[in-house]
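Before I ask anything, here is the structure I am working with.
Order of the sequence lines fixes the chain letters, A, B, ..., with proteins taken first and strands second; residue numbering starts at 1 for each chain.
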Protein chains: 2
Amino acid sequence: MPPQKPLSLALIGIGGVGQAFLTQLALLQSRLKSKLDIRLVLIRRSTTQILDSSWRGLDIATAIKQLQDKSSSEGKGKLLGFEETCVHLATAPGHVVLVDCTSDPQVAGAYPGVLNKGISIVTPNKKAFSSSFSDWQDIFGTAANGPNAGEKEKGNGFIFHESTVGAGLPVLSTLTELIETGDEVTRIEGVFSGTMSFLFNSFNPVAGGGGSFSAEVGKAKELGYTEPDPRDDLNGLDVARKLTILARLTGLEIESPTSFPVQSLIPKELESCSSASEFMDRLPEFDSRMDDLKASATASGKVIRFVGSIDVATKKVKVGLEEFETSHPIAALKGSDNIINFYTKRYGANPLIIQGAGAGAEVTAMGVTGDLLRVVRLLR
Amino acid sequence: MPPQKPLSLALIGIGGVGQAFLTQLALLQSRLKSKLDIRLVLIRRSTTQILDSSWRGLDIATAIKQLQDKSSSEGKGKLLGFEETCVHLATAPGHVVLVDCTSDPQVAGAYPGVLNKGISIVTPNKKAFSSSFSDWQDIFGTAANGPNAGEKEKGNGFIFHESTVGAGLPVLSTLTELIETGDEVTRIEGVFSGTMSFLFNSFNPVAGGGGSFSAEVGKAKELGYTEPDPRDDLNGLDVARKLTILARLTGLEIESPTSFPVQSLIPKELESCSSASEFMDRLPEFDSRMDDLKASATASGKVIRFVGSIDVATKKVKVGLEEFETSHPIAALKGSDNIINFYTKRYGANPLIIQGAGAGAEVTAMGVTGDLLRVVRLLR
């Protein structure tokens, strides 16, 4: 049996995705145990952290329990600053990987410094990749891999973020392979939000019918398909962030997720609502607008869907409502599925399509675990 | 600039896929030139080969010209045996990768010996992976990676074969990632043949209509969508080979592509036809059978498609005609596209779907080039 190589892992964020990742990690540890000794040496949440300074590896179940038990201080260290924690982490045995399962822009902002310490990053956190273009350049100018990677100082960390678009669906890996093998991506178009998918598949189904738009938003909220405040989905920004990431991977220098047209489904008159409940109460007043759009689409045998698209040649990125023939794969989407169409020179008129659940803790964690495996394969 | 590592490449087979691969290789050499010195040191076809014993790397254009020029013997070596050639290849600088762009079962049969010499293999050749289960075990018992990989002697080669199913579509990589991250694949179902896709999308379109079955076969043959002898598509064996590969990757011990039910679309009465042209001449006599199937599907609001499916729990694999609701993604397929549905525990009721062109020289070569990049990433 070959000697075990150590890999030290640090997890930040133990919400749904973080916890699903830990379950997948336990399976991975067991499957790879003869080849790789994966040790979880840090779990950190906003208020506290447990750092195993012996580097032997935490018992996951015990550590989670300690972190969640607010009354006990057992095993909990003082919350070191993130920077200070990373300096310490960099001295852990073997390669060190930071798993950022937060959506915290501050953690994301620290990525270049983390990579620079030789620590790799795997994350579903969109913030780092969809903020200013200079942040993107800082990250991929530092990482040992990536689209804009020049020649790096040896020893910098790798970074992977498959779950930032379409959760565990192989979206970024497919786009990267198309580009790396020399294909020319001409257009990307799809439904990139589980919430928007559900809303329009229900509001304007191919078979006809569907409830009022406000009723569908209410139903989506009840089913847990929206953010706690549905306006955070309806403003289109989540989709715009995903489009920003994809467009940058195709080589476009997108300044920010607000530097291209993004249609908000929040009626102008409700932009000043002070609470989610006030917004939900008043949304029905504007149902006729959405009904008109649906009727107009129906009149031409089409349905409306909330999509994002990137036209690579003209560098046009946009997010908003569009009409589709009922036979189009985007129209035929079901439930809260995402669909991503890659039009390329090689694939010709019919795109390469990836479709399936694009949200949810387990599938998001799957993208993170897959990224961890990508890092493992790159280890020297 | 870091020092260039050498990688020595040997290509067997210079048909459409081999030549498309060489075009992609030239782009790759240029893109990676500061990091990796990829040298093509052998091009071999059935009758001759050019081996660069200096290991400096062949000029691709010149070598192809020499190989295709049947009258000239310039630069052509005597055709060494394949085994002898591999012994020599194993002494080339850096890591050695064999790119098998043939569909030759004899080359495939030599894979364990090749891997054992530390040579990696990337290939779209289905033969090695869809023949007897003991051949499969020999390959993945020798390769340094793979589903059944135990602990290997250090230094054996890696093997990747993405293009054996769905050409360049990310089918095997997605299935592998689902399994490696701990998901449970329950069912795989899809259209795995561009020819069968075209035939049934034309013969029985969702919108109604379509020509006679024999006319559609004739049209597909004219458009180059079938093998020179269409019976090689209609017998279902090509699909059965792909299903064998997928089923084995999910852990099923499939003995051979004929060890499960495979429906042939060659009428029993025509099995004894001595030529493709006799077969094509007589096929119209049996059109009424296919018309009956279509009418019966239409009566229940469905269409017929030629699909393969794997039910992992019951270990049932089958290939043949099935009826689908017109709203099903398999019914809505266009042109000669493939579609692969992965049903898993994590993805729930709606499958993870991969769709697009599953045949053609460029997209097949893309899978091969992608596999070469996978090997490059694994190099120590």
Side-chain angles (χ1 to χ4, degrees), chain A residues 1-2 23-28 31 34-35 145 151-152 154 168-170 173-174 177-178 180-183 206-207 327-329 332-337 339 341-342 344-357 360 362-363 365-370 372-374 377-380, chain B residues 1-2 20 23-28 31 34-35 145 151-152 154 168-170 173-174 177-178 180-183 206-207 327-329 332-337 339 341-342 345-357 360 362-363 365-370 372-374 377-380:
Chain A
M1 210 177 324
T23 306
Q24 295 178 21
L25 177 65
L27 282 168
L28 200 68
R31 192 171 65 76
S34 63
K35 294 172 191 163
N145 66 317
E151 297 306 328
K152 306 302 156 33
K154 249 200 148 146
L169 296 175
S173 56
T174 299
E177 188 156 319
L178 286 166
E180 285 188 345
T181 62
D183 200 356
V206 166
S327 65
H328 195 288
L333 212 55
K334 289 200 176 72
S336 60
D337 277 3
I339 184 169
N341 296 266
F342 293 105
T344 81
K345 200 173 160 202
R346 259 179 221 151
Y347 278 91
N350 291 347
L352 189 170
I353 302 178
I354 312 274
Q355 185 180 328
E362 283 197 61
V363 294
M366 166 184 159
V368 178
T369 306
L372 178 60
L373 285 166
R374 275 179 264 279
R377 283 186 211 112
L378 286 166
L379 293 184
R380 294 294 175 273
Chain B
M1 211 179 322
T23 306
Q24 294 178 22
L25 176 65
L27 282 168
L28 201 66
R31 192 171 66 77
S34 64
K35 293 171 190 164
N145 66 316
E151 298 305 328
K152 304 306 153 32
K154 249 201 148 149
L169 297 174
S173 57
T174 299
E177 187 155 320
L178 286 165
E180 285 188 344
T181 61
D183 201 355
V206 167
S327 66
H328 194 288
L333 212 57
K334 289 199 176 72
S336 59
D337 277 3
I339 183 168
N341 296 266
F342 294 105
K345 201 174 160 203
R346 257 179 223 152
Y347 278 91
N350 290 347
L352 188 170
I353 302 178
I354 311 276
Q355 184 179 328
E362 282 196 60
V363 294
M366 166 184 158
V368 177
T369 306
L372 177 60
L373 285 166
R374 275 179 265 278
R377 282 184 212 113
L378 286 166
L379 294 185
R380 293 294 173 274

Item to check | Shortest non-hydrogen contact between T181(A) and M366(B), atoms and distance | outcome: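 Looks like OG1-CG, 3.5 Å.
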Checklist entry - With only heavy atoms counted, which part of P170(A) is less than 4.5 Å from chain B, the side chain, the backbone, both or neither? => result side chain
Item to check | By side-chain hydrogen bond (donor to acceptor under 3.5 Å, both in side chains) - contacts of N341(B) (at least two apart) | outcome: none
Next on the checklist: Need one label for R31(B): side chain, backbone, both or neither, based on atoms under 4.5 Å from any heavy atom in chain A.
Outcome noted: side chain
Next on the checklist: Please identify, among G182(A), A357(A), A207(A), G168(A), the residue contributing the most non-hydrogen atom pairs under 4.5 Å to chain B.
Outcome noted: A357(A)
Checklist entry - When only pairs under 4.5 Å are counted, which of L27(B), I339(B), D337(B) shares the most heavy-atom pairs with chain A? => result D337(B)
Item to check | L373(A) portion near chain B, given a 4.5 angstrom heavy-atom threshold | outcome: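 Only the side chain of L373(A) comes within 4.5 Å of chain B.
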Next on the checklist: For A332(A), give me all partners under side-chain contact (heavy atoms from CB on, under 4.5 Å), at least two apart in sequence or on another chain.
Outcome noted: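 So A332(A) forms no side-chain contact (heavy atoms from CB on, under 4.5 Å) with any residue.
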Checklist entry - Please walk me through it: do L169(A) and Y347(B) pass side chain to side chain contact (heavy atoms under 4.5 Å, CB included)? => result CA-CA 10 Å; L169(A) 296 175; Y347(B) 278 91; 3.7 Å; yes
Item to check | Note, I354(B) side chain near I354(A) side chain (heavy atom, < 4.5 Å) | outcome: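 Yes; the side chains approach each other to less than 4.5 Å.
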Checklist entry - Highest number of heavy-atom pairs under 4.5 Å with chain A: which of E362(B), R374(B), E177(B)? => result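 Answer, by heavy-atom pair count under 4.5 Å with chain A: E177(B).
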Checklist entry - Nearest heavy-atom pair of E180(A) and L28(B): which atoms, and what distance? => result O-CD1, 3.6 Å
Next on the checklist: Is L178(A) in contact with chain B via its backbone, its side chain, both, or neither, using a 4.5 Å heavy-atom distance?
Outcome noted: both
Checklist entry - How close do N350(B) and K334(A) get, heavy atom to heavy atom, and via which atoms? => result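 In this case the closest contact between N350(B) and K334(A) is ND2-O, 3.7 Å.
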Next on the checklist: Taking every non-hydrogen pair under 4.5 Å, which of L352(B), T23(B), T174(B), V368(B) racks up the most with chain A?
Outcome noted: L352(B)
